[in-house]
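These notes are about the structure you will find just below.
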Amino acid sequence: MPETMEIKIHELNTEEFIKVKSEEISKLVRQGLAINALSGGVDSSVVTMLGHRALGGRLKTYFIDNGIMRKDEPQEIASIFRTLGVNVEIVDAKDRFFKALRGITDPEEKRESITQTFYKDVFAGLVRESKAKYLLQGTILTDIDETVAGIKRQHNVFEQLGIDPQEAFGYKIIEPLVQLRKDGVRKLAQALGLPESIYNRMPFPGPALAARIIGEVTPEKIEIVRSATVILEEELKGSRAFQYLAILHNDRVTGMRNGKRDFGMQIEIRSWDSLDARKAMPTNISFDKLNLLSNRIVTEVAGVVSVTYNIASKPPSTMEAI
Ligand code: XMP
């Protein structure tokens, strides 16, 4: 299929690509409306800018607040796009996601529940309300590769799994970035005038902080991972790691606090060196830095008594926990 033929970074002419894709989007949507969900990741940000160029106000952009994003992320992203002239509506869907995730412990079921809630419940509702026929989406070639290979089901891949979005959810999906990998998307982001906090943004998974909780996802556990993530991002900012993250384990361990037994929680830190996320090595973080991270986490995140650093490579590890 010509649309899925890879465009390598050295072959990518950003101005030409932006022109061709904007025209394609205009032609498909015609006088109608399209909608898209912005997460602030580089892929959905680029799609938002492409769609905005092609359709202007006929693209409605939503930030779905699923309750599992990082601290203040919805507001920060909406404000970045506001300064670029793109209106982003934040949709509060926290309760719907937490309800859907209740009682689920299996990793793939968790991903599936987030996907279904996102596309079938929240998004389908927005499509109905807005009367949009098209959904613009930032699927890239790597998402398709990993899903088809059965490694991890990326939450935005359908067609390659034999799912017809029109039939399943009631709308058509336009995927302008399927020929690109992350490096190409970052180059486009820069060409589209997005700020560095977006074009160099650390990867963050679709299932968000839920990908970093082993076992059931609850608002309380999300709050713990979220607080640990703030610390990690503050302390490792500027490091050259590809990605760093905090994981909350399901098992508790005996600790002690104020001379008393405290059967507490465990946070695992991961930090990865990688070129394209297909293979990764743990970052060589100094012991002093690990110590600082650990001290801050056990002091600032209530209930955590153990902090570990993952030293296995991918494969056989994967970067996220689920
Ligand atoms: P894994 O855990 O598969 O992660 O080694 C590789 C890279 O992909 C990100 N990731 C995802 N990104 N939807 C996404 O958009 C997903 O479902 C998803 N799962 C993992 C992960 O953060 C890492 O950068």
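Atom set for the values below is all heavy atoms of this structure, side chains included, hydrogens, waters and symmetry mates excluded. This one's a predicted model, so the numbers in the text were calculated from it and none came from an experiment. First listed ligand is number 1; within each ligand, the first listed atom is number 1.
Ligand 1 lies out of reach of Arg278, whose nearest heavy atom is not under 4.0 Å from it. Residue contacts with ligand 1 include Pro207, since one of its heavy atoms falls under 4.0 Å from the ligand.
Applying the 4.0 Å criterion to heavy atoms of Lys314 picks out, from ligand 1, the atoms 1 (P), 3 (O), 5 (O), 6 (C). Atoms of ligand 1 found under 4.0 Å from any heavy atom of Gly206 (numbered from 1 in listed order, with element): 12 (N), 13 (N), 14 (C), 15 (O), 16 (C). Taking a cut-off of under 4.0 Å to the non-hydrogen atoms of Arg111, the atoms of ligand 1 that pass are 16 (C), 17 (O), 18 (C), 19 (N).
For Pro205, heavy-atom contacts with ligand 1 shorter than 4.0 Å involve the backbone as well as the side chain.
Checking Glu175 against Thr139 by side-chain atom types alone, a donor-acceptor pair falls below 3.5 Å. Side-chain N/O atoms of Glu11 and Gln179 include no donor and acceptor closer than 3.5 Å. For the 3.5 Å distance criterion, the side chains of Ser44 and Ser39 qualify, holding a donor opposite an acceptor.
In this structure, Arg70 is positioned above the aromatic face of Phe204, its NZ or CZ under 6.0 Å from the six-membered ring centre and within 45° of the axis.
The residue among Arg270, Arg212, Gln243 with a heavy atom at the shortest distance from atom 24 (O) of ligand 1 is Gln243.
Annotation: Leu292, atom CG; neighbour count of heavy atoms from other residues, nucleotides and ligands within 6.0 Å is above 12.
For ligand 1, the polar-atom distance check finds an N/O of Glu320 within less than 3.5 Å of one of the ligand's N/O atoms. Polar contact with ligand 1: absent for Ala277 (N/O pair, distance under 3.5 Å).
For Asp121, the side chain to side chain donor-acceptor pair (under 3.5 Å) test picks out Arg96, with sequence neighbours left out. Legend: residues meeting salt bridge (charged side-chain N to carboxylate O under 4.0 Å, His left out) with Lys289, ordered by chain and number and at least two apart, are Glu235.
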